Amino acid sequence: MQLTTGFASPPIDAARAFRLVLDAMAHPARIVDLPEIEAPAPCSPAAAIVLLTLVDATTPLHLAGAHDSESVRDWVRFHLGAPLVGPQDAAFALGAWDALCPLGRFPQGSADYPDRSATLIVEAAELRNDGARLTGPGIEAEAYLALPDTAALQANAAQFPRGLDFLFTSNVQLAALPRSTRIGGA
Amino acid sequence: MTDYNFAYLDEATKRMLRRAILKAVAIPGYQVPFSSREMPMPYGWGTGGVQVTAACLVPEDTLKVIDQGADDTTNAVSIRKFFARVAGVETTEATARASVIQTRHRIPETPLTEGQILVFQVPIPEPLRFLEPRETETRTMHALEDYGLMHVRLYEDIAKHGEIARAYAYPVRVEGRYIMDPSPIPKFDNPKLDNSPALQLFGAGRECRIYALPPYTRVESLDFEDYPFTASKAAGQVCAICGAEDSYLDEVITDDAGGRMFVCSDTDYCATRVAAQAEDAA
Ligand SMILES: [Zn+2]
């Protein structure tokens, strides 16, 4: 069994990675480049960095579809210590879009505590600034991001302040779609 | 490992804070609970802001810390020194040079720019607290968007004083949803909250809440059609040092005889203007 490396210098690498994730979350659809890192197949380097930065023994993690592999599970156990759970108990989830759907399986937060909802790390073949027109907090005028299923994500946004938050990852790239982003429309 | 204590807090604590910050950014104006940690300074010194700053800093940052607009108070100096030591960051007094600004009770006069993070120290995060002391009740009011009582109370102010009698911590509505306490900034600063290119983060240490305004977020000060919000300050006053007419002024007692003058609360803004005037004169 080969466990790929985590952060070389955890406190500083995690700090730099968080700032990039924060930049992405604060600017929906902005595509940011994360550093290269060895990741367990089929996990992208960007997804591995997000996990190393945010996930630990206190945050239940759901691995969906092909990402529920032995190499990812071993890596999670070694580097994060996060309990692996079903979608209904997840604070974070990792997988391709089709494996993560339907979205209703994940905690959506409550009216009193909308923050108690899952963050989904969605692995994509590529990230592109075209397709759906996005507006809302973090976006000066408008932004565009190719989305896997516009209708499902519109339904998520319509639940605001409840709802899921999304981090789309592809190779070393990351783009965020928080629940606050309005999708489509003039 | 020499960098174990980067930014003072342990890694698990920073991850917890970072998760809370991301949720706060995703739900603008909503107060995310977090587990506040002991910091090597008393609560009144902004432990909430310090924890948020600690979770955000990278070694490449340039940090500015202000207390009521001033960079040179004991509070501001000690927080700046603290982060220079534990995070190795460069510090500055110049608003335009800072990548992260931690503030107590002011927003800098110099307009903030894209990429900057403004971290507010918050004593009481709950804007409805003065109406309703019970946390379960205020939480339900936010959940149901039940803000009628707030509007009634503000309208009573108008009936009594002819205006909304709040000079500080003037409540705002975020993106038409959550009512939020902007911390005890003067209401003069409220318009700077709206549509700012900077990311604004709020940390309340004693009450364990983090909330956020992402860049370009709509922030409206509560008002009424017949009593629109005004960000007024003392009319007709100018800064006795730099002559600014557009900045927030502090009244300073100058001698035992009760002499007084008005000067910019934002010391960097004032000093920058004085330097520019000296250059023009030369
Ligand atoms: Zn001045």
Side-chain angles (χ1 to χ4, degrees), chain A residues 7 9-28 30 50-59 80-81 91-92 109-117 119 135-143 160-167 176-182, chain B residues 1 3-7 9-12 14-34 54-61 87-88 99-100 114-115 117 136 139-140 142-145 174-175 177-178 195 197-199 201 210 212-218:
Chain A
F7 283 138
S9 171
I12 288 171
D13 290 350
R16 290 185 178 132
F18 172 69
R19 273 293 275 281
L20 292 166
V21 177
L22 178 61
D23 185 43
M25 192 64 99
H27 301 90
R30 174 177 290 181
V50 170
L51 292 171
L52 287 166
T53 305
L54 299 173
V55 173
D56 57 29
T58 68
T59 50
L80 313 178
F92 286 84
S110 64
D112 280 359
Y113 293 95
D115 56 304
R116 295 181 182 172
S117 64
T119 301
T135 56
I139 300 170
E140 184 172 11
E142 57 184 14
F160 186 90
R162 298 172 69 238
L164 307 173
D165 305 309
F166 299 88
L167 297 171
L177 185 75
R179 70 194 78 179
S180 58
T181 301
R182 295 182 280 275
Chain B
M1 216 189 304
D3 53 6
Y4 175 73
N5 259 350
F6 174 74
L9 295 166
D10 64 86
E11 290 309 288
K14 279 185 282 183
R15 276 193 297 272
M16 177 269 296
L17 288 163
R18 287 164 179 162
R19 290 190 296 263
I21 291 169
L22 291 178
K23 286 296 176 196
V25 170
I27 318 169
Y30 167 75
Q31 303 162 50
V32 179
F34 75 104
C56 289
L57 281 182
V58 296
E60 296 75 27
D61 271 319
S99 53
V100 176
E114 173 96 26
I117 299 178
T136 49
R139 189 163 286 282
T140 303
H142 284 298
L144 299 176
E145 242 178 304
V174 180
E175 286 283 322
R177 181 56 181 83
Y178 285 101
N195 204 36
L199 169 63
L201 302 174
I210 289 172
L213 297 171
Y216 312 114
T217 293
R218 187 159 53 91

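Please read these numbers as outputs of a predicted model, since none were measured by experiment. Letters A, B, ... mirror the listed sequences (proteins, then strands); counts begin at 1.
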Check whether any side-chain heavy atom of [X] lies under 4.5 Å from a side-chain heavy atom of [Y], and answer yes or no.
| X | Y | value |
| --- | --- | --- |
| B:Lys23 | A:Ser117 | yes |
| A:Ile12 | B:Val58 | no |
| A:Thr53 | B:Arg15 | no |
| B:Glu175 | A:Ser180 | no |
| A:Ser9 | B:Phe6 | no |

For [X] versus [Y], what's the shortest heavy-atom pair and its separation?
| X | Y | value |
| --- | --- | --- |
| B:Ala26 | A:Phe160 | O-CE1, 3.7 Å |
| A:Ala26 | B:Pro215 | O-CD, 3.4 Å |
| A:Tyr113 | B:Tyr30 | CA-OH, 3.4 Å |
| B:Thr217 | A:Pro137 | OG1-CB, 3.5 Å |
| A:Arg16 | B:Pro59 | NH2-CG, 4.0 Å |

With chain B, which of [options] has the greatest number of heavy-atom pairs at distances under 4.5 Å?
| options | value |
| --- | --- |
| A:Ala141, A:Ala15, A:Ala91 | A:Ala15 |
| A:Pro178, A:Pro114, A:Gly109 | A:Pro114 |
| A:Ala111, A:Pro161, A:Ala57 | A:Pro161 |

From the list A:Leu54, A:Asp115, A:Thr119, A:Asp165, side chain to side chain contact (heavy atoms under 4.5 Å, CB included) partner of B:Leu22 resolves to A:Leu54
Go through the atoms of [X] and report whether side chain, backbone, both or neither lie under 4.5 Å from a heavy atom of chain A.
| X | answer |
| --- | --- |
| B:Ile27 | both |
| B:Arg18 | both |
| B:Ala55 | backbone |
| B:Gln31 | neither |
| B:Ile117 | side chain |
| B:Asn195 | neither |

Hits for side-chain contact (heavy atoms from CB on, under 4.5 Å) against A:Glu140, two or more places apart or cross-chain, chain-then-number order -> B:Tyr216
Spell out, as yes or no, whether a donor-acceptor pair under 3.5 Å connects the side chain of A:Arg19 to the backbone of B:Cys56. yes
Look at the side chain of B:Lys14 and the backbone N and O of A:Ala14, then say whether any donor-acceptor pair between them is shorter than 3.5 Å. no
Atom group of A:Leu52 that falls short of 4.5 Å from chain B, counting heavy atoms: backbone
Does a salt bridge link B:Glu114 with A:Arg30, judged by any charged N lying under 4.0 Å from a carboxylate O? yes
Salt-bridge test for A:Asp56 and B:Arg19: reply yes if a basic N is under 4.0 Å from a carboxylate O, no otherwise. yes
B:His142: what forms a ring pair (Phe, Tyr, Trp, His ring centres under 6.0 Å) with it, not counting sequence neighbours? B:Tyr147
